[in-house]
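Below: one structure, written as structure tokens.
Naming: A, B, ... by sequence-line order, numbering from 1 per chain. Keep in mind that this is a model prediction, so the values were computed, not measured.
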Number of protein chains: 2
Amino acid sequence: MNISHVGEFGLIEALKKYAPVSKNVFKGIGDDAAVLPFSKDKYLLFTTDMLAEDAHFTRRMKAEAIGHKAMACSISDIAAMGGLPTFAVVSIGLPKLTPVDFVRNIYKGMARVSKQFNVNIVGGDTVKSDKIVINVALLGQVEKEYLVTRSGAKPKDWIFVSGHLGGSLASGRHLTFIPRVAQARFLVQYFKPNAMMDISDGLAGDLNHILRMSKVGAKLWEETIPRHKGATLKQALNDGEDFELLFTLPAAKARRLMQWQAGRKAFYFYPIGEITANAEQIIPSKGHAHF
Amino acid sequence: MNISHVGEFGLIEALKKYAPVSKNVFKGIGDDAAVLPFSKDKYLLFTTDMLAEDAHFTRRMKAEAIGHKAMACSISDIAAMGGLPTFAVVSIGLPKLTPVDFVRNIYKGMARVSKQFNVNIVGGDTVKSDKIVINVALLGQVEKEYLVTRSGAKPKDWIFVSGHLGGSLASGRHLTFIPRVAQARFLVQYFKPNAMMDISDGLAGDLNHILRMSKVGAKLWEETIPRHKGATLKQALNDGEDFELLFTLPAAKARRLMQWQAGRKAFYFYPIGEITANAEQIIPSKGHAHF
């Protein structure tokens, strides 16, 4: 049996089995970032993301954009927990004949988005490999009261997304997206979502993670799902790589958020459905399969 | 120009240029691990290591041993700073047709050495790639008074290594080595080395890092360098992947260490040379070139 049969989640289960977690880990494998002890008031967040040539990017793409994406994916994971990113270490695997400028521009793209979000790149590893591989491991911090995981969604919560979905890969948006740190911090400070994550594999598949971990179901108001120009509903549900926030709020808070944002331009959060008590009610998903 | 011309250190310089580091980072790029703010008494350590198929391992090797090595390299980095490892995140890139058992056994090898050194694997990323790539990012902690970096070597310090060198790749030892955490902790608690690192690229090349960062030179007592059976002096100097500790101690402490370990069996540290004031006095190195 090879891994295309068990898929990513089968592998994660295997890793969990071999990696039992001690009691001082607040959240281990299975959320956007691990939640670790830090101080009286704060948790440490820890996440890792790998991008591989010809799976996630090609050399015809702009090297700066590749670097941007590698760092922005990890920043998005920290945002999805309600936190702020702090320190990153970067590993790069490079074929012998990679042009130096290509590598410099990967760093440049990484450094630019890091600066924008106050991330310090504090270490790295550079190794030889057959194709380009980039790994960013990122730390963050979150006030204990602001932490949001995937597992807190409650029946009758409204489901929201932070922006338009669909067509991210085809349009190149997956290389230039801005991680939703400001939106996530606004939410945890003023509305405290019950559950939150970022959309990387596709709305349908990612919402199912929240449903499974929260032991609830969901109904989507399909017409209300905000789609990028030209994207079909199916694409909005399944394309992935949108890196928008997906979160749930109790109905009363949801109405307050709708009121708050009426007429405002800074952020807009789109209500797209409702959590149900029926845990069987999951979303039909053809989300991005990793293998 | 491609990267085989500038080499790993050229790339690290490029990364440093694009990644200026804020003042609350005690040590950034250029030591075995980054040293970050944590608590009143402790620093947080942060390191990353990537292993790529056909550069660092092949599929004919035991998958468990590959997993062991991937985690042990990072643990060795934390030990080299005087610290204890705590939490790891693991990214794995896998070709579509990788046998599931091979992946499980990589995890198993990783989990076993993690358990031995109280490391918790708290997260990961699994992606598609053309060849197998493994990245381990590891956190650790060190009491501020116990931190040792590469830059503190002083003239007249003795130079020590924690074990035999040479032939690690040819013998397969690079896949089974035990990171020198216990030795490093003993040293920082009772002898506080002036400088320390682990030997990954080869004694000669790695000692030069200490010399350059400490602005000193060195004389090696070549006959005293402990070599694995069958390894020549040249191999002991240049093979690399030994993952032994390399450290310097003021002469008085060095003599005290020699006295302490006379007749003891637990650890043995081998004196192999002396630091000199002449910063030109570097070690001729044909160390492992990454590209």
Side-chain angles (χ1 to χ4, degrees), chain A residues 1-6 8 10-12 14-15 18-19 21-22 25 28-29 33-34 36 39 46-52 54-56 87 89-94 96-100 103-104 107-108 110-111 114 120-131 133 135 137 139 290-291, chain B residues 1-6 8 10-12 14-15 18-19 21-22 25 28-29 33-34 36 39 46-52 54-56 87 89-94 96-100 103-104 107-108 110-111 114 120-131 133 135 137 139 290-291:
Chain A
M1 195 162 62
N2 65 52
I3 55 160
S4 62
H5 297 104
V6 300
E8 186 183 14
L11 288 173
I12 290 176
L15 178 53
Y18 290 118
V21 147
S22 81
V25 175
I29 294 162
L36 306 172
S39 69
F46 193 12
T47 185
T48 186
D49 283 283
M50 187 177 268
L51 297 188
D54 294 339
H56 305 89
F87 299 107
V89 290
V90 176
S91 299
I92 304 199
L94 295 168
K96 220 172 169 155
L97 298 179
T98 315
V100 173
V103 184
R104 277 215 187 99
Y107 287 149
K108 215 167 155 182
M110 249 181 217
S114 298
N120 275 281
I121 300 173
V122 294
D125 192 20
T126 317
V127 304
K128 199 175 65 182
S129 61
D130 277 18
K131 295 209 173 182
V133 190
N135 194 87
L139 292 173
H290 288 260
F291 297 104
Chain B
M1 196 161 64
N2 64 54
I3 56 161
S4 63
H5 296 105
V6 300
E8 186 183 15
L11 288 174
I12 290 175
L15 178 54
Y18 290 118
V21 148
S22 81
V25 175
I29 294 162
L36 306 173
S39 69
F46 193 12
T47 184
T48 186
D49 282 284
M50 186 177 269
L51 297 188
D54 294 339
H56 305 89
F87 300 107
V89 289
V90 176
S91 300
I92 303 198
L94 295 168
K96 218 169 171 158
L97 299 179
T98 315
V100 173
V103 184
R104 276 215 187 100
Y107 287 149
K108 214 167 155 181
M110 246 181 221
S114 297
N120 275 280
I121 300 174
V122 294
D125 191 21
T126 317
V127 303
K128 200 175 64 182
S129 62
D130 276 18
K131 296 209 173 181
V133 190
N135 194 86
L139 293 174
H290 289 257
F291 297 103

Looking only at heavy atoms, which two atoms of B:M50 and A:M50 are closest? And how far apart?
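It is CE-CE, 4.4 Å.
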Using a 4.5 angstrom heavy-atom cutoff, name the option from B:A34, B:G123, B:S91, B:A52 with the most pairs to chain A.
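Heavy-atom pairs under 4.5 Å are most numerous for B:S91.
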Quick check on the interface: out of A:L97, A:V103, A:L51, A:V90, who has the most heavy-atom pairs with chain B under 4.5 Å?
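Of the options given, most contacts go to A:L97.
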Consider side chain to side chain contact (heavy atoms under 4.5 Å, CB included). Of A:I29, A:T48, A:T47, which one does B:V89 pass it with?
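With B:V89 as partner, A:I29, A:T48, A:T47 yield a single side chain to side chain contact (heavy atoms under 4.5 Å, CB included), made by A:T48.
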Chain B contact via A:S114 - side chain, backbone, both or neither, heavy atoms under 4.5 Å
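Neither the backbone nor the side chain of A:S114 comes within 4.5 Å of chain B.
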Go through the atoms of A:V133 and report whether side chain, backbone, both or neither lie under 4.5 Å from a heavy atom of chain B.
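Both backbone and side chain.
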What is the distance from atom CG of A:D49 to atom CG of B:N135, rounded to the nearest 0.5 Å?
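One finds 11.0 Å between CG of A:D49 and CG of B:N135.
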Of all residues at least two apart in sequence or in a different chain, which pass the ring pair (Phe, Tyr, Trp, His ring centres under 6.0 Å) check with A:F46?
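Counting only residues at least two positions away or on another chain, A:F46 forms a ring pair (Phe, Tyr, Trp, His ring centres under 6.0 Å) with B:F46.
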What part of B:S39 lies closer than 4.5 angstrom to a heavy atom of chain A: side chain, backbone, both or neither?
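Neither part.
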Let me know if B:L36 has heavy atoms under 4.5 Å from chain A in its side chain, its backbone, both or neither.
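Contact with chain A involves the side chain of B:L36 alone.
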Return the set of residues passing salt bridge (Lys or Arg N to Asp or Glu O under 4.0 Å) with B:K131 (not counting sequence neighbours), or none when no residue passes.
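Per chain and number, B:K131 pairs via salt bridge (Lys or Arg N to Asp or Glu O under 4.0 Å) with A:D130, B:D54.
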